[in-house]
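Notes follow the structure.
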2 protein chains.
Amino acid sequence: MILPLHLTISEQLRDRILSGGYRSGDRLPSEHQLMAEFAVSRITARRAISNLTQQGLVTVKRGKGVFVATQQKVTYSLSNPMVFLEADLDRQGVKVGIQTLVFEAVAVPSEVAAILKCSIVYLQKKILLFNGIPGCVDVTYILPKLGAAYESELRQHMTFTTLERHGIEIDKIDATISCTQADYETSAQLEVTLGHPLIVYRHTAYNQDNCAIVHGESISRGDRFCYSAQIVR
Amino acid sequence: MILPLHLTISEQLRDRILSGGYRSGDRLPSEHQLMAEFAVSRITARRAISNLTQQGLVTVKRGKGVFVATQQKVTYSLSNPMVFLEADLDRQGVKVGIQTLVFEAVAVPSEVAAILKCSIVYLQKKILLFNGIPGCVDVTYILPKLGAAYESELRQHMTFTTLERHGIEIDKIDATISCTQADYETSAQLEVTLGHPLIVYRHTAYNQDNCAIVHGESISRGDRFCYSAQIVR
DNA sequence: CAGTGGTCTAGACCACTTG
DNA sequence: AAGTGGTCTAGACCACTGC
């Protein structure tokens with residue numbers, strides 16, 4: 001089994017990283033140094049580095065160099081009983097900031113129409129900052145009555161926290177977790193490379209009358225975020 | 001805001017895909033056609049295609065061309081009450097096949113020692129096939145007594161299904177869901193590109209006495225798999 | 001065989017970072 | 001100014017696909 005040059009180089013660098021030869025935060029050899037060390041062209045050296053960034057092992061800083069990535073994940077519990085994001089992260093010492101990009105009434109998109117029985121809904125797009133660093137893009141559709149009533153508060157706080165504060169209780173959340181790859185827009189918002197893995201948490205919240213009142217999608221950086229659950233018989 | 005050439009090209013192709021100009025399964029223009037259409041070098045054309053594959057929008061087939069990817073995800077329910085993978089997927093019309101790569105007694109790795117109170121455990125590495133196509137790499141550590149007793153059956157069936165069939169009931173599962181990017185080995189096993197997003201389901205199963213009996217990690221293709229949950233107050 | 005993508009080279013210019 | 005990575009070109013050879 002013969003590997004392409006760029007792969008043999010990136011695998012060799014990977015071994016050095018995983019074995020501790022290069023530690024977390026260390027600078028890797030520059031492109032020129034790699035060209036000399038492995039006697040390859042610049043494109044091949046760059047391809048090797050690209051292989052490593054695609055595996056999330058290193059991050060590249062323009063004008064500075066290539067550095068071994070450091071991983072530390074924040075956990076959000078899906079377990080019953082229900083816990084809200086802000087409270088859960090606060091326990092882990094993470095402060096959540098909110099930067100609302102869009103808050104407006106829109107015609108309900110067709111995918112959402114079957115869930116929220118409405119023709120007009122409020123659409124909110126926001127970026128969540130974890131300790132000041134962008135970590136999540138959230139798109140939420142809210143029933144018009146609720147969106148209109150609590151707009152100023154919704155703009156600055158998490159949706160569920162706001163609703164609960166006004167006595168609107170969430171009784172049940174249906175959720176799916178999947179993953180995708182960052183498109184250009186999202187990659188810019190979350191400050192990651194194109195194609196960076198993202199965790200998608202798609203949810204629908206119901207009130208006590210089993211009416212869907214909120215539907216949305218939270219797209220978080222896969223390298224910074226994970227979900228936990230406890231399942232019982 | 002000026003974008004690099006390769007990005008303007010890939011964004012333009014992306015629009016054509018999302019708007020339906022190119023449909024699912026269609027062939028995109030070849031590298032040479034892109035070079036002509038956008039008057040760029042081959043490297044730039046290739047970079048544009050690479051941007052699309054990194055977003056999971058297209059797949060490349062050597063000697064044939066570049067094709068718009070088709071997405072269809074299989075869902076695994078995390079919700080209570082507990083449902084096992086085989087039963088859950090069977091309901092969705094997906095047949096699960098198992099290809100065991102490793103099944104052997106090993107010294108317990110340090111990360112696992114705190115969970116399974118043992119010095120020797122059975123390690124099983126297997127690939128799960130969904131309707132014959134590789135979709136998941138599973139690494140499981142099993143208490144030695146159980147691994148030895150049911151080896152032949154464990155090799156060919158899902159762990160929990162086998163244990164339940166022998167009266168060993170799982171009472172609780174602690175799980176986390178995160179995502180990563182395929183390294184070279186995993187990318188070869190799951191037939192994806194380096195860096196492909198993967199969903200990691202890390203779990204510990206406990207019996208009625210609240211003893212951990214199984215600990216493991218299922219790494220699934222992010223483009224084929226997702227998890228669902230229902231959370232109640 | 002022609003057409004496709006995969007790998008690789010040498011060399012150029014630009015933008016950002018640091019001293 | 002020197003060093004870093006980012007973009008881009010032109011051109012070569014190879015391996016796989018299908019006719």
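So that the names make sense, note that chain A is the first sequence line, chain B the second, and so on, each numbered from 1.
- Residue B/Leu13 is tested with B/Leu57, B/Val58, B/Leu34 for a side chain to side chain contact (heavy atoms under 4.5 Å, CB included); the sole match is B/Leu34.
- Picking from C/dC13, D/dC8, C/dG5 the nucleotide with the shortest atom distance to the side chain of B/Leu5 gives D/dC8.
- For B/Phe38, there are no ring pair (Phe, Tyr, Trp, His ring centres under 6.0 Å) partners two or more places apart in sequence or in a different chain.
- Here B/Ile98 contributes atom CD1 and B/Cys136 contributes atom SG; the two are 10.0 Å apart, rounded to the nearest 0.5 Å.
- Atom-to-atom, CZ of B/Arg46 to C1' of D/dA12 comes out at 14 Å; the value is rounded to the nearest Å.
- Straight-line distance from the NE2 atom of B/His32 to the C1' atom of C/dA2: 11 Å, rounded to whole Å.
- B/Lys125 contributes atom NZ, which lies 7.5 Å from atom CD of B/Gln189 (distance to the nearest 0.5 angstrom).
- Side-chain to base pairing of A/Arg47 with C/dG6: no donor and acceptor N or O lie closer than 3.5 Å to each other.
- Counting only heavy atoms from C-beta on, A/Ile43 has its side chain closest to D/dC8 among C/dT7, C/dG5, D/dC8.
- Regarding A/Gln33, its CD atom lies at a distance of 14 Å from the C1' atom of D/dA2, rounded to whole Å.
- Whole-Å rounding puts the A/Arg27 CZ to D/dT4 C1' distance at 8 Å.
- Note on B/Thr44: every side-chain N or O is 4.0 Å or more away from OP1 and OP2 of D/dT7.
- Atom OG1 of A/Thr140 sits about 9.0 Å away from atom CG of A/Leu154, to the nearest 0.5 Å.
- The nearest whole Å value for the distance from the CG atom in B/Leu34 to the P atom in D/dT9 is 13 Å.
- Note: CD (B/Glu31) to C1' (D/dA10) measures 15 Å, nearest angstrom.
- Residues from residues 54-65 of chain B that place a heavy atom under 4.0 Å from any atom of DNA chain D, listed by number: B/Arg62, B/Gly63, B/Lys64.
- The closest side-chain donor-acceptor pair between A/Thr204 and A/His215 falls under 3.5 angstrom.
- At least one side-chain nitrogen or oxygen of B/Ser30 sits closer than 4.0 Å to the OP1 or OP2 atom of C/dT4.
- One interatomic measurement links the two molecules: NE2 of B/His6 to C1' of D/dT9, which rounds to 14 Å at whole-angstrom precision.
- Ring pair B/Phe225/B/Phe130: centre-to-centre distance below 6.0 Å.
- Comparing C/dC8, D/dC8, C/dA12 against the side chain of A/Arg42 picks out C/dA12 as the nearest.
- Taking atom CE of residue A/Met35 and atom P of nucleotide D/dG5, one finds them 11 Å apart after rounding to whole Å.
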